[in-house]
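See below for the structure under consideration.
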Amino acid sequence: MVLSDLKKLLPVICAALILSACGGLSENESEKTTASLKQLDATAAEAIETWIFCAREDETCSFTGTAQVRYGLNDTYAYKTATGSIGCNNQVFGDPLFGADKICEYLPVKISKYLSLSDAKITKYKDNKQGAATYTFDDSPPSSFTIASIFESFGLRASFYVIPSTVTDWLPWKGLAEKGHEIGNHSMTHLYLTDWYGLSDADLDFEINQSQRLIEEKVGVRPLTFVFPHNQSSERTLSMVMQNHVATRIPGFNYDSAYRGIDIVSASTADYANWKLWDTLSIGGWFYMAGHGIDGDGYEPVTSQYLRDHLTYASSLSSTLWIDTFLNVARYRLCRDQITPEVTITSSRQASIRMGGAYSASLCMAPLTVSIPILEALQEVHAQTAQGTVVPVMQSAGMLLVNVKPGEDVFLQIP
């Protein structure tokens, strides 16, 4: 209710009060009027956010719907959010003011009428997309930069796994990183990182960790994902890789049957890649493509036309498919299982969202999408951080979607 609504009701209220005072209402009508005025009191309080007394200490505070309840006295209160009723006592709230005869007051929560805040959760993929796709290219051949340009022409980014010992000019790679492409670790010299190859711990440190440090030094961004040369690994080498990386392509997420990929070679067809992508998306999975170079450059290269044809198809699925670098999708997958959104009602029309849980702050730095079921149609919702930065809000398939960065509070507000 807004001020204009209250103005419309004023003549009715005044007439009812006059008639009641003059004996002009029957007992039944008087009771109805009293009940209506109590309801109007609550509605008006909601409109101007006035706290309503509901119970004394050790009584029960009752109300309709969801409300923010405070317990205490003289501007010293403890707060809870409840639905229907709540005990007005120290056991429920703690003791905010020792020795005082405390009371409970409630504030009707308008925002909970429209949003099921208790059902907030992190979506499976960013922006609540049905599935994800990543494109990876190994060995750092010269055609990598042409591949990057093709992806950029579609507004997309890819992941490139470099062999530092073969790189003579790091500036172009630094440029790709600055454009948002991922520069990953593919080992220092591309040896088989398996036990039967007879590598010592010092050899593995050189191939894995020193390679990572060199890429970080030259590119300016620490590579956090690793691709094993020849897709061959062992329990020992995987353990060493995972000490300083967060994910590998293979074995990677192979424990998940919805993690599916293809290794493309010169004989590969875009039709097969399109089908494989569609098949993975149909089960809500994560598709990856593993290739090398294009147009005669690198190991088993495909053509640039192959990439364009496939990316044209992939882009046509953008309403349900999230396409990003391997690191970004892996990070989302890992962090969504570590984090729980915590929603706190801060006023009648506002709630805050904070990412809770025991998560890795060094890994979980990117926003995750929080979905909240919409109970009643909302024409307008605003979101911003505590610093006042506007956060986009989306409404899709009965859900309110907002991206929240771990460690930050995002405030939702309805008019």
Side-chain angles (χ1 to χ4, degrees), residues 122 124-126 129-140 151 156-163 181-188 190-195 197 204 207-209 211-212 215 221-265 268 273 276-277 279-292 299-300 314 321-339 359-360 362-366 368:
I122 297 174
K124 185 175 183 180
Y125 296 108
K126 185 179 179 183
K129 295 297 177 71
Q130 180 180 332
T134 55
Y135 296 87
T136 64
F137 300 90
D138 304 350
D139 297 355
S140 48
F151 273 80
L156 304 173
R157 297 297 183 266
S159 298
F160 297 92
Y161 291 88
V162 302
I163 306 170
H181 297 281
E182 179 187 4
I183 310 302
N185 188 0
H186 197 35
S187 83
M188 187 70 82
H190 207 259
L191 295 179
Y192 280 92
L193 300 184
T194 55
D195 291 342
Y197 206 73
L204 290 178
E207 290 293 331
I208 298 167
N209 297 323
S211 174
Q212 182 188 46
I215 295 171
V221 179
R222 187 181 192 187
L224 292 178
T225 65
F226 188 92
V227 166
F228 282 96
H230 317 288
N231 289 326
Q232 298 293 314
S233 65
S234 70
E235 184 176 337
R236 171 174 168 246
T237 58
L238 177 61
S239 176
M240 182 168 284
V241 164
M242 295 306 294
Q243 289 176 13
N244 294 303
H245 299 78
V246 300
T248 62
R249 189 178 65 205
I250 296 175
F253 296 83
N254 288 1
Y255 60 85
D256 183 351
S257 61
Y259 176 68
R260 301 178 177 182
I262 58 171
D263 295 314
I264 56 174
V265 295
S268 299
K276 191 69 174 181
L277 172 60
D279 184 54
T280 305
L281 180 60
S282 69
I283 62 169
W286 175 7
F287 168 85
Y288 71 85
M289 176 182 285
H292 295 83
Y299 174 77
E300 288 283 352
L321 179 67
W322 172 34
I323 303 176
D324 212 328
T325 64
F326 187 84
L327 172 60
N328 285 345
V329 177
R331 190 199 305 270
Y332 194 101
R333 282 281 304 265
L334 293 167
C335 293
R336 78 182 185 202
D337 295 331
Q338 301 177 22
I339 293 176
Y359 63 89
S360 168
S362 60
L363 171 65
C364 303
M365 301 181 293
L368 301 174

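The residues of the chain are indexed from 1 along the displayed sequence.
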Are any of the side-chain heavy atoms of Val221 and Ile183 separated by less than 4.5 Å? no
For Thr280 and Trp286, which I'm curious about, is there any donor-acceptor pair between the side chains at under 3.5 Å? no
Might you work through the side-chain contact (heavy atoms from CB on, under 4.5 Å) test for Val227 and Thr136, ending with a clear yes or no? CA-CA 9 Å; Val227 166; Thr136 64; 5.5 Å; no
To the nearest 0.5 Å, atom NZ of Lys276 lies from atom CG of Leu281 at 13.5 Å
Are the side chains of Pro229 and Leu191 in touch, meaning some heavy atoms are under 4.5 Å apart? no
Are side-chain heavy atoms of Tyr288 and Tyr135 found at a separation under 4.5 Å? no
side-chain contact (heavy atoms from CB on, under 4.5 Å), that's the test. Do Ile264 and Ile262 meet it? Break it down for me. CA-CA 6 Å; Ile264 56 174; Ile262 58 171; 3.8 Å; yes
Got Gln338 and Cys364 here, is their nearest side-chain heavy-atom distance under 4.5 Å? yes
Just how far is it from atom OG of Ser159 to atom CZ of Phe151, taken to the nearest 0.5 Å? 9.0 Å
Tell me whether Thr237 contacts the main-chain N or O of Ser234 through its side chain, where contact means a donor paired with an acceptor under 3.5 Å. yes
Where the side chain of Glu207 meets the backbone of Met188, is there a donor-acceptor pair that is under 3.5 Å apart? yes
Could you list the residues that satisfy side chain to side chain contact (heavy atoms under 4.5 Å, CB included) with Asp324, not counting sequence neighbours? Trp322, Asn328, Val329
About how many Å separate OG of Ser268 and CE of Met289, when rounded to the nearest 0.5 Å? 8.0 Å
Got a donor-acceptor contact below 3.5 angstrom from the Gln212 side chain to the Pro223 backbone? yes
What closest approach, in Å, do Thr248 and Tyr259 show between heavy atoms, and which atom pair accounts for it? O-OH, 4.4 Å
Under 6.0 Å from the six-membered ring centre of Tyr359 and within 45° of its axis: does the NZ or CZ of Arg336 meet both? no
Identify the two heavy atoms, one from Ile283 and one from Ser257, that lie closest to each other, and give their separation to 0.1 Å. CD1-O, 4.4 Å
Test Thr325 against every option in Arg331, Arg157, His181 by the side chain to side chain contact (heavy atoms under 4.5 Å, CB included) rule and name the one that passes. Arg157
Smallest heavy-atom separation, Phe326 atom then Ala247 atom, equals CE2-CB, 4.1 Å
Give the C-alpha distance, both sets of side-chain angles, the deciding distance and a yes or no for side-chain contact (heavy atoms from CB on, under 4.5 Å) between His186 and Ile163. CA-CA 5 Å; His186 197 35; Ile163 306 170; 3.9 Å; yes
Write down the atom of Pro251, the atom of Ser233, and the distance for their closest heavy-atom approach. CD-OG, 3.8 Å
Taking only residues two or more places apart in sequence or in another chain, which ones pass side chain to side chain donor-acceptor pair (under 3.5 Å) with Arg333? Asp256
Checking Glu182 side chain against Ala158 main chain: does a donor-acceptor pair fall under 3.5 Å? no
Are side-chain heavy atoms of Phe137 and His292 found at a separation under 4.5 Å? no
Report the distance from atom CZ of Arg260 to atom CG of Leu277, rounding to the nearest 0.5 Å. 11.5 Å
Show, in sequence, the C-alpha distance, side-chain angles and deciding distance for Phe228 and Thr194, and conclude whether the side-chain contact (heavy atoms from CB on, under 4.5 Å) test is met. CA-CA 10 Å; Phe228 282 96; Thr194 55; over 6 Å; no
Tyr161-Thr225 side chain donor-acceptor pair, cut-off 3.5 Å: yes
Side-chain contact, heavy-atom cut-off 4.5 Å: Phe287 with Ile323? no
Are the side chain of Ser211 and the backbone N or O of Ile208 linked by a donor-acceptor pair below 3.5 Å? no
Between CG of Asn209 and OG of Ser187, what distance do you get to the nearest 0.5 Å? 12.0 Å
Output for pair (Ile250 CD1, Phe226 CZ), nearest 0.5 Å, gives 13.0 Å
His245 side chain near Asn185 side chain, heavy-atom distance below 4.5 Å: yes
Relative to the ring of His190, is the ring of His230 parallel (under 30°), tilted (30 to 60°) or perpendicular (over 60°)? perpendicular
